[in-house]
Amino acid sequence: MRHLLDTRTLSREEAIRILDVAEDMADTQSREVKKLPTLRGKTVVNLFFEDSTRTRISFEAAAKRLSADVINFSAKGSSVSKGESLQDTAQTLQAMAADAVVIRHGASGAPHTLATSGWISAGVVNAGDGTHEHPTQALLDAFTMRRRLHGAASRGRDLDGVRVAIIGDVLHSRVARSNVWLLATLGAQVTLVAPPTLLPQDLSAWPVDVSYDLDDTLAAGQDAVMVLRIQLERMNASFFPSEREYSRRWGLGRERFARLSGGTIVMHPGPMNRGLEISPAAADSGRSTVLEQVTNGVSVRMAALYLLLSGERGTDQTTNEEGR
Ligand code: ASP
Ligand code: CP
């Protein structure tokens with residue numbers, strides 16, 4: 001793998017390969033000594049232009065557990081505030097011999113630009129770009145679903161026939177986009193549930209069903225419900241009447257959560273707005289995979305860095321220089 005920029009162009013085989021390598025990595029994480037020598041001598045740069053807790057820290061943990069050296073760069077407090085461009089920033093880091101660059105950026109397409117511009121030769125991993133994609137989040141979500149639903153028999157499996165409802169602020173969510181593409185590739189049936197104002201206008205190319213009624217969708221039976229954060233920082237207008245009204249119609253409140261059927265799992269990428277899109281009753285329940293998702297994120301990111309840096313580069317998804 002040369003870069004990991006999106007899930008839209010990831011094939012079923014490539015996705016399952018990453019998930020299976022992540023299973024191997026997870027096995028090593030239950031040992032007392034979690035560190036592997038695999039990426040000794042490699043340097044991973046975490047280049048974060050937007051805030052992050054989980055993604056930044058788990059990429060750091062993943063790189064360190066593979067014995068890579070890690071350089072953490074946050075735009076805040078850097079020369080970006082003096083007007084330094086993405087190109088100059090990236091080339092400065094490349095001059096310090098980065099082998100992989102993990103980038104989060106507010107502009108959709110920034111990781112793609114970095115991967116295809118010729119500015120740097122390092123492998124690029126998208127850690128979330130604007131409202132576009134967040135591929136490692138979708139991979140860790142798929143990994144979590146696969147484990148919860150298939151248990152010990154997860155390896156090699158896809159998510160054929162698994163029903164997933166993605167609820168809430170789809171419009172601003174790169175997590176939703178990456179999940180929609182990956183889940184479709186893995187054979188899952190996705191229903192988006194949101195007020196019309198929080199859905200993209202044209203969904204004709206998306207492999208999903210759309211519902212405006214959360215209770216109906218839940219009553220139909222879902223294997224997983226993925227609650228999205230209301231991204232107030234990306235909203236410059238009012239997208240719903242009030243937080244109370246949003247919570248009543250679209251939130252996974254205590255009562256709605258209590259009506260969930262069978263073994264439905266409750267997912268959220270974090271950070272959560274407790275009391276708005278999700279209630280503590282749902283977030284802290286046995287059905288919730290919120291913290292499992294974080295734990296699994298380390299294994300999935302170890303797999304991504306391993307496949308990028310261990311000599312398998314140039315063999316699949318993102319081989320061509322157009323950034324595919
Ligand atoms: N943390 C995820 C992201 O950065 C989801 C969110 O912020 O709502 O896309
Ligand atoms: N889920 C996720 O990407 O979280 P952070 O924004 O904290 O990295």
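Both counts, for ligands and for their atoms, begin at 1 and track the order of listing.
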Derivation and outcome, side chain to side chain donor-acceptor pair (under 3.5 Å), residues R177 and H134: CA-CA 8 Å; R177 282 167 185 75; H134 192 351; over 6 Å; no

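- I16 places a side-chain heavy atom less than 4.5 Å from the side chain of R146.
- Heavy-atom contacts of Q231 reach the following atoms of ligand 1: 8 (O) (cutoff under 4.0 Å).
- Using a non-hydrogen distance threshold of 4.0 Å, P271 registers as a contact of ligand 1.
- Using modelled atom types, one finds no donor on one side chain facing an acceptor on the other under 3.5 Å when comparing D141 with T144.
- Annotation for L228 and I166: closest pair CD1-CG2, 3.7 Å, computed over non-hydrogen atoms.
- Residue contacts with ligand 1 for E50 are absent, since no atom lies close enough (heavy atoms, distance under 4.0 Å).
- Residue H134 has no nitrogen or oxygen atom sitting less than 3.5 Å from a nitrogen or oxygen atom of ligand 1, judged on distance alone.
- Side-chain polar atoms of N46 and E60 form no donor-acceptor pair below 3.5 angstrom.
- Near R104, meaning under 4.0 Å from any of its heavy atoms, are these atoms of ligand 2: 3 (O), 5 (P), 6 (O), 8 (O).
- In this structure, E50 does not count as a contact residue of ligand 2, since none of its heavy atoms falls inside 4.0 Å of the ligand.
- Of the protein's non-hydrogen atoms, G270 O, 3.5 Å is the one closest to atom 5 (C) of ligand 1.
- Here the heavy atom of the protein found nearest to atom 4 (O) of ligand 2 is R54 NE, 2.9 Å.
- Residue contact annotation: G270 has a non-hydrogen atom under 4.0 Å from ligand 2.
- No donor-acceptor pair under 3.5 Å is formed between the side chain of S52 and the backbone N or O of F48.
- Panel note: side chain E133, backbone V175; no donor-acceptor pair is recorded below 3.5 Å.
- In this structure, M272 and R274 have side chains that are in contact, with non-hydrogen atoms separated by less than 4.5 Å.
- Residue contact check: Q137 has heavy atoms under 4.0 Å from atoms 1 (N), 2 (C), 3 (O) of ligand 2.
- Atom 3 (O) of ligand 2 has its nearest heavy-atom neighbour, among T55, T53, V290, D51, in T55.
- Counting heavy atoms under 4.0 Å from ligand 1, residue R54 does not touch it at all.
- Looking only at protein heavy atoms, the nearest one to atom 1 (N) of ligand 2 is P269 O, 2.8 Å.
- Between V175 and ligand 1, a contact under 3.5 Å exists for no N or O pair.
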Salt bridge (charged side-chain N to carboxylate O under 4.0 Å, His left out) between D129 and R174, worked out: CA-CA 7 Å; D129 61 330; R174 51 199 179 204; over 6 Å; no

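- For the residues R234, E233, M272, R229, the heavy atom positioned nearest atom 7 (O) of ligand 1 is part of R229.
- Put simply, no part of Q293 is less than 4.0 Å from ligand 2, judged by heavy atoms.
- Heavy-atom minimum distance, L19 versus F143: O-CE1, 3.6 Å.
- At the top of the distance list for atom 9 (O) of ligand 1, counting protein heavy atoms only, stands R174 NE, 2.8 Å.
- For the pair E277/I230, a side-chain contact is recorded, criterion being any heavy-atom separation below 4.5 Å from C-beta on.
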